[in-house]
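Here's the structure, in structure tokens; my notes come after.
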Amino acid sequence: MSTEARASNFIEEIVEEDLRTNKYGGRIHTRFPPEPNGYLHIGHAKSICLNFGLAQKYGGLTNLRFDDTNPTKEDTEYVDSIMADVRWLGFDWGDRLFYASDYFEQLFDYAVRLIEAGKAYVCDLSADQTREFRGTLTQPGKNSPYRDRSVGENLDLFLRMKAGEFLDGTRTLRAKIDMAHPNLNMRDPVMYRILHAHHHRTGDKWCIYPMYDWTHGQNDSQERITHSICTLEFENHRPLYDWFIKELGIFAPQQIEFARLNLTYTIMSKRWLLQLVKEKRVTGWDDPRMPTICGFRRRGYTPEAIRAFCDRIGVAKFNSTIDMQVLEGAIRDDLNRRANRVMAVLRPLKVVIENYPDGQTDELEAINNPEDPSAGTRKVPFSKTLYIEQDDFRETPPKGYYRLAPGVEVRLRYAYFIKCVDVVKNAAGEVVELRCTYDPTTRGGNAPDGRKVKGTIHWVSAQHAHSAEVRLYDYLFNKPDPSDVPEGETFLANLNPNSLETIADAKLEPSLAAAKPGDRFQFERLGYFCADTKDSQPGKPVFNRTVTLKDTWAKLERKS
RNA sequence: UGGGGAAUGGUGUAACGGCAGCACGAGUGGCUCUGGACCACUUAGUCUAGGUUCGAAUCCUAGUUCCCCAGCCA
């Protein structure tokens, strides 16, 4: 397998080398290890694609393992959402679903082994004292006064910790390494803390819980993980993981660190995302403005697009920030190929075709997807009174504008050429209606005399139109780096007040009334839209804008 | 300040001592019944200073800048 595909990043290079040297008996086994304390976001997608992708590419396996070592923060709600999101992304962990809590018993035995070997001790220092004793970045720490307890005393105390004899925070089990080590992680790190808390899986069985650092490496080892891939901040912890594995004398996986994903105009911090949800700055974890997997799903993103995105951004150790446009490019790419085209008018302007017979209707044939002939065609009703986009008419057109204007002829997509002959305004002077004429010989969109029009605009027949709510989403933050705030302010200061615009009464072509939740469309000339999975009712879909189409005209106009 | 990492066009990412390539963006033109898509072309880069070498993004030396670490979080 490795012979046909050239390594595309430094991790694949390592894997190929290990395969070549038969380092793990030619085996490759990865894992995705989320903590169930929040919903998965696009940054996790990068890790998921990496871990599962590696195994797929090199004929290995990937486990899903929940890192549930802190019962005060974890919940089954998150477990369920994480599994759903990984599956939705298109990955399968087979029967290899694990939890760190599956290994609590084994881990406890390992701890006893370290105590017996004189490599771990029970410490009575408080959290504050522990911090003081740890020293600083430049100054060595001091040994805990409890560091030299006998093995017997340590064993007794540790058993009693487990038995629930002590209050939270009164004692810890610590590894006995080196309080003067230049790497602070090696200064007698805490292995167990006392936490009388209910665990989502083990219930009230335990009142001591292992720290992540004491857990993770051993779990990887127990699962025979060959390549333990994690983010850069754990690079400092690797010596500690290696120390535990060595002292225990168990299978040694290889940890490889890569840079986590950063994206412009959004945040990836679970803590901040939770805050947005809790403070109701968004409607929930799956708000279509959220960078969560479920947010993107609801917004209309496809798993294929997210995978393509992860592919495009690469994997490296450099701390970079990807432009949101890369993600948008990926979804446009995918939806351009697969989404059916329809016509929808977001901000309707009434158009009356003066020379079209009263009461007459016609049905015109429209192509569903020019990128995919097999998608076929459909009929779109036409009549005397129509809606067009307000933005597709200018009373005094700027240079380069080639949509509708007084005296100007444009094409109604798949229908007729029309010419604007009069403009009706209200008392406030606003344009409320256009009077136009049509050329009956241009039915279908082409003139027999061969004359051309510059503009083609979309439209909906007024009497046939289906009204619907449409939600236009913009970036959640109005700064590329939302954490960039003035002194004393928080990231909330950069929240984009216009991240959601709701259009209560958009006019859609009638076929859209039958849209099912989750159906995706291209609204011609506007963007890609998805029928909302929560708020749509049968026969009454609500649409979310996934992403706009590229808009060359808007760009031109902005420049002038 | 101790330790651990990292620096390549605007943004990302390749190169494994031998022509600095690719993607996205940006720009120009073509095509078009979506100002979409598509096609073509253009733009623009090796952190700095020395050294080794016929030849350096790559090796060596010194520096600069950025990121991570002082939770009984993960």
Side-chain angles (χ1 to χ4, degrees), chain A residues 6 8-9 13 33-35 37 67-70 72-74 123 125-128 130-132 134-141 168-174 181-187 189-195 208-209 211-213 215-216 230-239 257 259 264 270-271 311-323 325-330 332-333 336-337 341 343 366-367 370-371 400-403 410-415 417 444-446 452-458 522-527 548-557:
Chain A
R6 186 183 166 74
S8 65
N9 60 55
E13 271 176 31
E35 183 189 13
N37 69 341
D67 256 322
D68 54 353
T69 55
N70 185 351
T72 65
K73 291 188 176 167
E74 295 147 10
C123 181
L125 252 26
S126 70
D128 283 345
T130 304
R131 189 182 325 114
E132 284 165 31
R134 186 156 33 228
T136 69
L137 294 178
T138 50
Q139 292 168 322
D168 285 7
T170 54
R171 281 178 230 264
T172 56
L173 182 75
R174 301 175 68 179
H181 198 107
N183 181 342
L184 304 219
N185 294 124
M186 301 296 273
R187 320 244 260 229
V190 171
M191 295 163 64
Y192 279 93
R193 73 283 217 189
I194 301 173
L195 233 42
I208 57 171
Y209 288 94
M211 300 290 292
Y212 173 87
D213 276 354
T215 308
H216 196 82
C230 64
T231 43
L232 254 26
E233 66 269 28
F234 293 104
E235 215 154 13
N236 293 330
H237 299 240
R238 181 159 23 98
E257 307 86 5
T264 57
K270 273 201 206 175
R271 209 181 90 241
D311 224 53
R312 270 180 210 185
I313 59 178
V315 178
K317 296 193 77 155
F318 179 65
N319 238 310
S320 61
T321 301
I322 307 289
D323 198 311
Q325 290 188 54
V326 178
L327 218 208
E328 295 177 341
R332 283 195 190 107
D333 239 34
N336 173 52
R337 263 176 273 127
R341 274 61 169 171
M343 290 197 283
I367 294 166
E371 306 292 323
Y401 185 86
Y402 46 82
R403 276 111 99 152
V410 297
R411 172 169 36 233
L412 293 179
R413 176 138 238 228
Y414 297 124
F417 288 8
N446 289 300
K452 302 284 184 201
V453 287
K454 194 76 171 142
T456 299
I457 63 175
H458 61 276
Q522 183 195 105
F523 289 5
E524 291 220 24
R525 303 208 306 133
L526 297 174
T548 60
L549 247 30
K550 276 203 217 164
D551 191 343
T552 308
W553 168 246
K555 197 187 288 177
L556 280 174
E557 220 183 9

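The chains referred to below are lettered A, B, ... by the order of the sequence lines, with proteins before strands, and numbering in each begins at 1.
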Problem - Any donor-acceptor N/O pair under 3.5 Å between B:C68 base and A:N236 side chain - result: yes
Problem - Residues which pass side chain to side chain contact (heavy atoms under 4.5 Å, CB included) with A:E132, listed by chain and number, not counting sequence neighbours - result: none
Exercise for the section: May I ask you to verify if any side-chain N or O of A:K317 is less than 4.0 angstrom from the OP1 or OP2 atom of B:A7? Expected result: no
Exercise for the section: Respond yes when some side-chain nitrogen or oxygen of A:R187 is under 4.0 Å from OP1 or OP2 of B:C69, and no when none is. Expected result: no
Handout entry: Check: A:R403 side chain, B:G35 base, donor-acceptor under 3.5 Å
Key = yes
Practice task
Give a yes/no answer on whether the side chain of A:K550 brings an N or O atom under 4.0 Å of OP1 or OP2 in B:A37.
Solution key: yes
Practice task
Counting heavy atoms from C-beta on, name the nucleotide in B:U1, B:G25, B:C68 closest to the side chain of A:Q325.
Solution key: B:G25
Exercise for the section: Say whether, by atom type as modelled, one donor and one acceptor occur between the side chain of A:R193 and the main chain of A:D168 under 3.5 angstrom. Expected result: no
Handout entry: Helical stems, RNA chain B - three or more consecutive Watson-Crick or G-U wobble pairs below 3.5 Å
Key = B:2-7 with B:64-69, B:10-13 with B:21-24, B:26-30 with B:38-42, B:47-51 with B:59-63
Practice task
Considering just the side-chain nitrogens and oxygens of A:R193, establish if one lies under 4.0 Å of OP1 or OP2 belonging to B:C73.
Solution key: yes
Practice task
Sequence neighbours left out, what passes ring-ring contact (aromatic ring centres under 6.0 Å, His included) with A:H237? Give chain and number order.
Solution key: A:F234
Practice task
Check every atom of B:G35, B:G5, B:C73 against the side chain of A:E235 and return the nucleotide holding the closest atom.
Solution key: B:G5
Problem - Short side-chain N/O contact from A:R174 to OP1 or OP2 of B:G71, under 4.0 Å - result: no
Exercise for the section: State which residues pass ring-ring contact (aromatic ring centres under 6.0 Å, His included) with A:H216; sequence neighbours excluded, sorted by chain then number. Expected result: A:Y212
Fill in the blank from the handout: Closest to the side chain of A:R131, out of B:U13, B:G71, B:U34, is B:G71
Protein-nucleic acid N or O pairs under 3.5 Å, nucleotides 41-48 of chain B:
none

Problem - Selected nucleotide, minimal atom distance to A:R413 side chain, candidates B:U34, B:A70, B:U11 - result: B:U34
Exercise for the section: Among the candidates B:U34, B:G3, B:A70, find the nucleotide nearest to the side-chain atoms of A:R134. Expected result: B:A70
Handout entry: Nucleotide nearest A:L556 (side chain, heavy atoms from C-beta), chosen from B:G35, B:A7, B:C67
Key = B:G35
Exercise for the section: May I ask you to verify if any side-chain N or O of A:T69 is less than 4.0 angstrom from the OP1 or OP2 atom of B:A74? Expected result: yes
Problem - Aromatic stack A:Y402/B:G35: centroid gap under 5.5 Å, interplanar angle under 30° - result: yes
Practice task
Please evaluate the base of B:U13 for a donor-acceptor partner in the side chain of A:R312 within a cut-off of under 3.5 Å?
Solution key: no
Completion exercise
Between CG of A:L125 and C1' of B:C72 the distance, given in whole Å, is 11 Å
Completion exercise
From CG of A:N336 across to P of B:A37 the rounded distance in Å is 7 Å
Problem - Base B:G4 paired with A:E233 side chain (donor-acceptor, <3.5 Å) - result: no
Handout entry: Nearest-Å distance for atom pair CZ/P, residues A:F234 and B:C69
Key = 10 Å
Exercise for the section: Would you indicate which nucleotide in B:G2, B:G35, B:G5 comes nearest to any side-chain atom of A:L137? Expected result: B:G2
Problem - Counterpart residues, side chain to side chain contact (heavy atoms under 4.5 Å, CB included), relative to A:Q139 (two or more places apart) - result: A:T136
